[in-house]
Novice: 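One structure coming up, written as structure tokens, with questions to follow.
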Amino acid sequence: MPELPEVETVKRGLSGLIVGKTIAAVDHNNPKSFPNAEADVRQFLYSAKVLQVRRRAKVLIIDLSTNYSLVIHLKMTGQLVFVAEQQTGLRAQGSGLSKDRNNRRLRFGAGHPNDSLVGKLPDKSTRVNIEFSDKSHLFFNDQRKFGWMRLMPTIEIENLDFFKKVGPEPLSDDFTAKVFIERVRKRVNTTIKAAILDQTVLAGVGNIYADESLWGAKIHPATRVRDITDARLKSLHKEIRYVLNLSIEKGGSTDRNYVNAEGKKGSYINFARVFRKEGKPCPRHPDTLIIKTRVAGRGTHLCPVCQKV
DNA sequence: CACTTGACCTGTCCGC
DNA sequence: TGCGGACAGGTCAAGT
């Protein structure tokens with residue numbers, strides 16, 4: 001599920017919600033989702049204070065006062081949701097929950113657009129339940145169990161294989177068109193979609209923003225990198241930064257599972273031009289319909305008129 | 001080495 | 001309704 005904008009949105013939300021809190025207890029039920037031994041959990045997690053929340057690529061890092069960190073990858077269906085102490089009538093602002101005249105929370109059935117997970121957790125997808133000393137909770141939910149949360153010394157994070165190999169942050173000032181073109185050209189013989197999905201080329205782009213940026217740059221996702229001009233790649237660089245920034249502004253994309261730190265959905269999907277728009281008109285060519293095909297083993301959306309191989 | 005394909009899981013949706 | 005198969009936003013390992 002979550003790509004860079006979704007993870008960034010969770011990071012920003014969590015920063016304002018858990019920094020300064022002290023961990024009091026931790027529950028976990030699946031070694032794939034949370035592999036650490038109990039002894040380490042007790043020693044480095046219990047009584048630890050949250051110092052800061054960071055993001056690198058699609059990975060979240062919660063730094064603790066014990067010089068340990070929680071490193072989290074949400075993969076396809078992971079969620080990190082904070083729930084304040086008591087769900088009383090007067091809740092913290094911005095929770096996204098609808099309320100009736102008496103300021104009580106309204107109940108919604110599953111799938112309602114205004115539905116929220118807050119008040120329903122933990123549930124059967126909860127893999128880790130962190131309780132803070134003020135009785136608030138941070139839940140790590142993950143339906144498909146692809147994601148993970150692990151406790152490790154802060155200083156060792158950079159030595160993880162993933163961090164040693166991962167490419168530059170696409171929204172950093174250093175990530176110029178020149179840098180992008182140099183890196184993407186190392187993947188001469190593959191398709192441009194596979195190249196920008198490759199986290200060692202650049203960090204953070206997943207299936208949604210790959211399709212969205214390729215449409216923006218008018219490049220067919222199956223085009224071989226060697227067949228694309230520098231001018232087109234320069235345009236793609238700009239589009240990648242544009243769609244990522246726009247999505248962060250909209251709180252990310254909720255296609256199925258994604259929710260932010262308050263259990264609320266993102267709205268980028270409402271602004272998408274091609275992703276999940278198969279059968280809808282292309283914004284540039286209202287007479288042409290967006291099609292869905294398969295490129296780089298992934299569902300791929302494109303306009304057959306403005307994106308030619 | 002560069003590149004592609006399946007595996008990891010659970011849930012949902014679609015066609016029969 | 002039930003059942004089988006395809007598919008879902010990400011990475012890896014194993015294959016060519």
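Each chain gets a letter, A, B and so on, in the order its sequence line appears, and its residues count up from 1.
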Novice: Using every non-hydrogen atom in the two residues, find where Arg183(A) and Pro168(A) come nearest and quote the distance to one decimal.
Specialist: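 Heavy atoms of Arg183(A) and Pro168(A) come nearest at NE-CD, 3.2 Å.
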Novice: dC14(B) P sits how many Å from Glu278(A) CD, rounded?
Specialist: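 So the CD-P distance, Glu278(A) to dC14(B), works out to 11 Å.
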Novice: What integer number of Å spans the P atoms of dC3(C) and dC9(B)?
Specialist: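 Straight-line distance between the two P atoms is 24 Å.
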Novice: Is the shortest heavy-atom distance from the side chain of Asp134(A) to the side chain of Lys21(A) under 4.5 Å?
Specialist: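 Yes, at least one pair of side-chain atoms sits under 4.5 Å.
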Novice: Determine yes or no for a side-chain-to-main-chain donor-acceptor pair under 3.5 angstrom, with Tyr209(A) supplying the side chain and Glu3(A) the backbone.
Specialist: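 No, Tyr209(A) side chain to Glu3(A) backbone: no donor-acceptor pair under 3.5 Å.
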Novice: 5'-most contact on DNA chain C: Gln199(A) or Arg276(A), nearest heavy atom basis?
Specialist: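 With Gln199(A) and Arg276(A) compared, the 5'-side residue is Arg276(A).
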Novice: Extract from the structure each pairing of a protein N or O with an N or O of nucleotides 1-4 of chain B at less than 3.5 Å, listing the distance.
Specialist:
from, atom 1, to, atom 2, distance (Å)
dC3(B), OP1, Asn189(A), N, 2.7
dT4(B), OP2, Thr190(A), OG1, 2.6

Novice: Could you identify which residues of residues 142-153 of chain A place a heavy atom less than 4.0 Å from some atom of DNA chain B, listed by residue number, or say none?
Specialist: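 Nucleic-acid contacts, sorted: Gln143(A), Arg144(A), Lys145(A), Phe146(A).
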Novice: Dot-bracket notation for DNA chain C is requested: 5' to 3', Watson-Crick or G-U wobble pairs only, both distances under 3.5 Å, with ( ), [ ], | and . as defined.
Specialist: .|||||||.|||||||
Novice: Hydrophobic cluster mates of Leu289(A), side-chain heavy atoms under 4.5 angstrom, ILVMFWY only, any path?
Specialist: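 So far as hydrophobic clustering goes, Leu289(A) is joined with none.
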Novice: For Val274(A), what are the other residues in its hydrophobic cluster, where any two members join if their side-chain heavy atoms are less than 4.5 angstrom apart?
Specialist: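 Joined to Val274(A), directly or through intermediates: Trp215(A), Ile290(A).
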Novice: Just how far, in rounded Å, is P of dA8(C) from CZ of Phe275(A)?
Specialist: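 Those two atoms, CZ and P, are 8 Å apart.
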Novice: Which distance, rounded to the nearest 0.5 Å, do you find between the CG of Asn260(A) and the NZ of Lys265(A)?
Specialist: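 Result: 11.5 Å between the selected atoms.
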Novice: Taking atom types as modelled and ignoring hydrogens, do the side chains of Asn67(A) and Thr154(A) form a donor-acceptor contact shorter than 3.5 angstrom?
Specialist: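 No, because no side-chain N or O of Asn67(A) sits under 3.5 Å from a partner of the opposite role on Thr154(A).
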Novice: When you check the phosphate oxygens OP1 and OP2 of dC8(B), does a side-chain N or O of Lys75(A) lie under 4.0 Å from one of them?
Specialist: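 No, outside the criterion.
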Novice: Measure the distance from CD1 on Ile72(A) to P on dG10(C) and round it to the nearest whole Å.
Specialist: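 Atom-to-atom, Ile72(A) to dG10(C), this comes out as 18 Å.
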Novice: Verify the contact: side-chain N or O of His73(A) to OP1 or OP2 of dT11(C), cut-off strictly under 4.0 Å; return yes or no.
Specialist: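 Result: yes.
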Novice: Distance check, rounded to the nearest 0.5 Å: Ile196(A) atom CD1 versus His237(A) atom NE2?
Specialist: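 Going from the CD1 atom of Ile196(A) to the NE2 atom of His237(A) covers 12.0 Å.
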Novice: Give me, pair by pair, the N or O atoms of the protein and of nucleotides 13-16 of chain C that are less than 3.5 Å apart, along with how far apart they are.
Specialist:
none

Novice: Hydrophobic cluster mates of Ile61(A), side-chain heavy atoms under 4.5 angstrom, ILVMFWY only, any path?
Specialist: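 Once heavy-atom contacts under 4.5 Å are chained together, Ile61(A) belongs with Val59(A), Val71(A), Trp148(A), Met152(A), Ile157(A), Leu160(A), Phe162(A), Phe163(A), Val166(A).
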Novice: Would you classify Tyr209(A) as touching base, sugar-phosphate or nothing, given that sugar-phosphate means primed atoms plus P, OP1 and OP2, and contacts are heavy atoms under 4.0 Å?
Specialist: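 It contacts nothing in the nucleic acid.
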Novice: Indicate, with a heavy-atom threshold strictly under 4.0 Å, whether Asp255(A) touches base, sugar-phosphate, or nothing.
Specialist: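 Answer is base: heavy atoms of Asp255(A) come under 4.0 Å of a base.
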Novice: Taking for each residue the nucleotide of DNA chain B bearing the nearest heavy atom, is the 5' side occupied by Lys32(A) or by Ser125(A)?
Specialist: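 Checking each residue's closest nucleotide, the 5'-ward one belongs to Lys32(A).
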Novice: Rounding to an integer number of Å, can you tell me how far Leu202(A) CG sits from dG10(C) C1'?
Specialist: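 Rounded to the whole Å, the gap is 14 Å.
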Novice: Mind checking whether Val53(A) and Leu60(A) have side chains closer than 4.5 Å, heavy atoms only?
Specialist: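 Of all side-chain heavy-atom pairs linking Leu60(A) with Val53(A), at least one is under 4.5 Å.
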Novice: Taking atom C1' of dC12(C) as reference, at what distance in whole Å does atom CZ of Phe163(A) sit?
Specialist: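 Taking atom C1' of dC12(C) as the reference, CZ of Phe163(A) is at 16 Å.
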Novice: Quick one: do the Asn189(A) and Arg226(A) side chains pair a donor with an acceptor below 3.5 Å?
Specialist: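 Checked: Asn189(A)/Arg226(A) side chains pair up, N/O donor to acceptor below 3.5 Å.
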Novice: Output the rounded distance in Å from NZ (Lys124(A)) to P (dC9(B)).
Specialist: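 Taking atom P of dC9(B) as the reference, NZ of Lys124(A) is at 17 Å.
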Novice: Identify each donor-acceptor pair in which a side-chain atom of residues 26-33 of chain A lies under 3.5 Å from a protein atom, sequence neighbours left out, and give them as a table.
Specialist:
from, atom 1, to, atom 2, distance (Å)
His28(A), NE2, Glu38(A), OE2, 2.6
Asn29(A), ND2, Thr126(A), O, 3.0
Asn30(A), OD1, Lys32(A), N, 2.7
Asn30(A), OD1, Ser33(A), N, 3.2

Novice: Hydrophobic side-chain clustering at under 4.5 Å (ILVMFWY, transitive links): who's grouped with Leu51(A)? Put none if nobody.
Specialist: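 Noted: Leu51(A) shares its cluster with no other residue.
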Novice: May I ask you to list the residues of residues 289-301 of chain A, by number, that have any heavy atom positioned under 4.0 Å from an atom of DNA chain C?
Specialist: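 Of all residues in residues 289-301 of chain A, the ones placing a heavy atom under 4.0 Å from DNA chain C are Lys292(A), Arg294(A), Arg298(A), Gly299(A).
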Novice: For residues Tyr268(A) and Phe275(A), establish whether the separation of their ring centroids is below 6.0 Å.
Specialist: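 So the answer is no for these two rings.
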Novice: Find the distance Asn257(A):CG to dA8(C):P and express it as a whole number of Å.
Specialist: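 After rounding, the reported distance stands at 14 Å.
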Novice: Who pairs with Phe146(A) by side chain to side chain contact (heavy atoms under 4.5 Å, CB included), at least two apart in sequence or on another chain?
Specialist: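 In terms of side chain to side chain contact (heavy atoms under 4.5 Å, CB included), with neighbours along the sequence ignored, Phe146(A) is linked to Lys75(A), Met76(A), Arg144(A).
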Novice: To the nearest Å, how far apart are Asp198(A) CG and dT5(B) P?
Specialist: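 Distance, rounded to whole Å: 15 Å.
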Novice: Is the backbone of Asn245(A) close enough, under 3.5 Å, to the side chain of Lys250(A) for a donor and an acceptor to pair up by distance?
Specialist: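 Flag not set: sc Lys250(A) to bb Asn245(A) has no pair under 3.5 Å.
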Novice: Keeping to residues at least two apart or across chains, list the salt bridge (charged side-chain N to carboxylate O under 4.0 Å, His left out) pairs with something in residues 192-209 of chain A.
Specialist: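 For residues 192-209 of chain A: Arg187(A)-Asp198(A), Lys193(A)-Asp211(A).
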